[in-house]
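Excluded from the calculations below are hydrogen atoms, water molecules and symmetry mates; all remaining heavy atoms, backbone and side chain alike, are included. Lettering of chains follows the sequences in order, A, B, ..., and the numbering in each one begins at 1.
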Protein chains: 2
Amino acid sequence: MKRLTMKQIADQLNISRTTVSLVLKGKGDQYRISKDTQQRIISYVEQAGYRPNYFASALNSRTSGIIGAVFPDLFESFMGSIVRGIETVLYEHDYSLMISTSRFSHQREQAIIENILYRGADGLLLVPSMPYHHETPYNSEYIGSLVKQDVPMVLIDRKIKGVTVPCVVQKDYDRSYGAVTSCIQNGAGRICCVSFYLQATSIEERLRGYARAVRDHHLEPSYILLREQNPSSRDLQTKLADQLRSKEPPDAFFVTTSGIADKLSWLLRSEGFTIPIARFGSTAPWTHQELMDIPQPHTEMGKKAAQLLIERIEGRPVEEITYC
Amino acid sequence: MKRLTMKQIADQLNISRTTVSLVLKGKGDQYRISKDTQQRIISYVEQAGYRPNYFASALNSRTSGIIGAVFPDLFESFMGSIVRGIETVLYEHDYSLMISTSRFSHQREQAIIENILYRGADGLLLVPSMPYHHETPYNSEYIGSLVKQDVPMVLIDRKIKGVTVPCVVQKDYDRSYGAVTSCIQNGAGRICCVSFYLQATSIEERLRGYARAVRDHHLEPSYILLREQNPSSRDLQTKLADQLRSKEPPDAFFVTTSGIADKLSWLLRSEGFTIPIARFGSTAPWTHQELMDIPQPHTEMGKKAAQLLIERIEGRPVEEITYC
DNA sequence: TTGAAAGCGCTAACAG
DNA sequence: CTGTTAGCGCTTTCAA
């Protein structure tokens with residue numbers, strides 16, 4: 001895959017490299033280069049499929065036009081929605097996106113960020129990979145060092161405690177509070193909260209919203225907290241059975257993530273229960289009517305994060321927390 | 001985000017840049033540089049968080065260590081599975097991945113590939129964005145020109161007619177034939193095939209497998225062919241109603257993509273029908289038992305494609321078609 | 001062991 | 001209009 005260089009073009013056309021460079025940079029008219037020469041260059045370049053050497057330009061300009069993005073994984077389709085938003089904005093601003101996944105590993109997350117920065121990314125978008133509550137907490141030291149190095153960065157969906165970084169999150173607390181309250185107003189008196197017990201601020205805020213709404217209405221909170229990534233595990237099943245068998249079984253569920261809600265809905269149905277579920281996520285066409293959805297503006301979040309990052313790269317000040 | 005250069009390190013440590021370069025390249029021992037000096041360099045670099053300038057290296061070596069990948073979209077989770085496979089292999093070989101989405105636009109696909117190549121990618125992985133049958137066919141000219149320019153490239157999931165490019169696909173024909181045959185052996189006599197009518201070879205092969213299996217058993221084929229991306233559209237619903245109301249309603253369905261199958265399953269259930277469905281895709285935990293799944297080795301495909309691409313980049317010959 | 005020097009492909013003055 | 005020159009940060013001989 002040998003590539004054509006500017007020198008070769010110049011030699012081929014018997015003109016100077018400067019001329020070629022000028023024309024290709026669109027400064028031909030400015031330097032009063034003959035229309036004819038310009039045209040010769042343009043057409044030669046097109047016909048030969050010349051691509052300027054990006055590394056040489058980047059070496060000169062010290063910017064890459066690349067934004068790195070790190071996700072825990074891309075299997076969950078909401079990550080895809082975030083990517084859509086990010087790409088939409090970056091594309092408009094002539095940035096390219098370099099995506100990697102940390103596969104839920106904190107160590108890999110670091111390695112990947114290092115790689116992205118080594119690759120000269122102008123900025124970084126990060127959905128941090130958070131541990132469960134029974135695991136060691138997220139270590140903010142590395143991210144802190146990046147902040148100190150002045151690496152432009154925006155977090156998505158989750159804050160990292162202990163460091164000051166711009167962050168785009170959902171209105172988790174408010175939406176949870178609202179959803180639970182509306183369950184109560186619809187007559188629910190025993191709302192069970194089902195959630196991954198993950199150290200992500202988004203989850204924590206949802207739990208907080210639930211707890212507060214329940215408390216404000218003088219009800220007892222009850223929880224099913226899961227420690228596993230895979231929602232097909234037995235964990236939910238056994239804990240659910242306990243709840244349903246208890247003296248005061250729930251008459252509504254509040255679920256913090258849509259995957260669990262799908263599984264829960266299926267379990268309830270196959271046990272013959274019809275109990276409404278309020279959950280974060282949106283209904284796939286085939287799910288059941290007892291689901292009440294709390295919409296999640298993932299694409300918006302992606303867009304917003306990309307916008308903020310660009311602002312930050314271009315030196316404008318950026319607020320620390322943006323709610324979507 | 002000013003970055004430390006090798007020169008600065010050398011000056012700081014009062015030694016030559018060559019020495020620093022040599023040590024950092026791991027050639028310290030080879031050039032018999034004192035352990036002491038080596039250690040000084042290493043620790044300085046670590047403490048200062050030095051990252052070598054990637055563009056300068058790439059400019060020298062004329063390779064980037066970057067592989068580009070283009071997907072129609074990342075919202076479908078099977079794309080995420082492919083990414084997993086790709087990343088697993090690339091990570092082992094110290095390549096980085098640059099992902100973009102074409103958003104189902106042929107034009108954008110080209111623009112994105114150009115950008116990736118401009119960015120110096122060493123190779124390209126592509127899931128081409130295919131049009132529907134009522135649209136203009138995929139234009140293979142651009143891809144053909146890349147092949148002529150000797151750009152290392154591997155296609156995933158779909159072949160492009162008219163160009164010779166290595167391609168990793170599923171055993172679509174065989175699996176379809178097998179699934180339909182097994183429906184017939186289970187007593188089905190009227191199997192309706194439901195599919196996007198997309199100009200993708202994967203889909204076409206599945207349709208071919210269906211047609212052949214039905215024909216081989218002297219049954220009549222029947223189809224519901226959809227022209228839309230979004231499976232929540234009315235199209236399926238009305239066409240399904242026609243089928244169910246016909247004098248010989250289907251007693252089994254064969255569906256080429258899992259999204260449609262989910263929707264179909266839901267429609268059938270809400271109309272009170274219990275008709276088995278064979279489909280490409282895998283069962284989410286909450287779906288119904290009447291689904292018979294044809295497993296799709298997406299992660300395997302991603303791995304295989306990445307392996308082939310690396311072979312190709314390193315100059316080894318690669319077969320045109322690989323089945324997973 | 002280390003320094004000097006050339007060069008990767010392109011850009012940006014500057015002097016014709 | 002066009003050629004010359006001096007880098008961008010790093011790698012790689014070739015000498016010392």
Student: Applying side chain to side chain contact (heavy atoms under 4.5 Å, CB included), can you list everything that pairs with A:Ser81, at least two apart in sequence or on another chain?
Tutor: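 Result, side chain to side chain contact (heavy atoms under 4.5 Å, CB included) vs A:Ser81: A:His298, A:Thr299, B:Phe75.
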Student: Separation of A:Lys7 atom NZ from D:dG3 atom P, in whole Å?
Tutor: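 After rounding, the gap between these two atoms is 12 Å.
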Student: For B:Leu59, which contact category applies under a 4.0 Å heavy-atom criterion: base, sugar-phosphate, or nothing?
Tutor: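 Counting heavy atoms under 4.0 Å across all strands, the contact made by B:Leu59 includes a base.
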Student: What nucleic acid atoms does B:Tyr50 come within less than 4.0 Å of, heavy atoms only: base, sugar-phosphate, or nothing?
Tutor: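 Since only primed, P, OP1 and OP2 atoms lie under 4.0 Å of B:Tyr50, the category is sugar-phosphate.
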Student: What is the distance, to the nearest angstrom, from the OH atom on B:Tyr54 to the C1' atom on C:dG9?
Tutor: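 Nearest whole value for this atom pair: 15 Å.
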Student: In whole Å, I'd like the distance from the OH atom of B:Tyr118 to the C1' atom of C:dG9.
Tutor: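 Between C1' of C:dG9 and OH of B:Tyr118: 12 Å.
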Student: Quick check on D:dC1: is either OP1 or OP2 less than 4.0 Å from any side-chain nitrogen or oxygen of A:Ser34?
Tutor: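 Affirmative; the distance criterion is met.
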Student: For A:Tyr138, enumerate each residue passing the ring-ring contact (aromatic ring centres under 6.0 Å, His included) test, keeping only those at least two apart in sequence or located in another chain.
Tutor: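 A:Tyr138 satisfies ring-ring contact (aromatic ring centres under 6.0 Å, His included) with A:His106 once adjacent residues are dropped.
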Student: Using atom names, set out every protein N or O paired with an N or O of nucleotides 11-16 of chain D below 3.5 Å, distance rounded to 0.1 Å.
Tutor:
{"from": "D:dT11", "atom 1": "OP2", "to": "B:Ser21", "atom 2": "OG", "distance (Å)": "3.1"}

Student: Any non-hydrogen side-chain atom of A:Tyr91 less than 4.5 Å from a side-chain atom of B:Arg108?
Tutor: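 SC-SC contact between A:Tyr91 and B:Arg108 confirmed.
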Student: A:Glu311: which residues meet the salt bridge (charged side-chain N to carboxylate O under 4.0 Å, His left out) condition with it, sequence neighbours left out?
Tutor: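 A:Glu311: salt bridge (charged side-chain N to carboxylate O under 4.0 Å, His left out) contacts with A:Arg316.
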Student: Identify, with sequence neighbours excluded, every residue that meets side chain to side chain contact (heavy atoms under 4.5 Å, CB included) alongside B:Tyr31.
Tutor: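 Checked B:Tyr31 against side chain to side chain contact (heavy atoms under 4.5 Å, CB included); matches are B:Leu22, B:Lys27, B:Ile33.
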Student: For D:dT2, take OP1 and OP2 only and decide whether either is under 4.0 Å from a side-chain N or O of A:Ser16.
Tutor: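 No, A:Ser16 has no side-chain N/O under 4.0 Å of OP1/OP2 on D:dT2.
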Student: Starting at atom CG of A:Asp11, determine the distance to atom P of D:dT2, rounded to an integer number of angstrom.
Tutor: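 My rounded result for the distance is 15 Å.
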Student: Taking ring-ring contact (aromatic ring centres under 6.0 Å, His included) as the test, write out the residues that go with B:Tyr118, two or more places apart.
Tutor: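 For B:Tyr118 the ring-ring contact (aromatic ring centres under 6.0 Å, His included) partners, ignoring immediate neighbours, are A:Tyr54.
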Student: In whole angstroms, how far is the C1' atom of D:dG7 from the CG atom of B:Asn53?
Tutor: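 Atom-to-atom, B:Asn53 to D:dG7, this comes out as 14 Å.
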Student: Please report, rounded to the nearest Å, how far the P atom of D:dG9 is from the CZ atom of A:Arg119.
Tutor: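 The answer, rounded to whole Å, is 19 Å.
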Student: Could A:Arg17 and A:Asp11 be called an ion pair, given the rule that one side-chain N must be under 4.0 Å from one carboxylate O?
Tutor: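 No.
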Student: Separation of B:Asn14 atom CG from C:dT2 atom P, in whole Å?
Tutor: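 Going from CG in B:Asn14 over to P in C:dT2 covers 12 Å.
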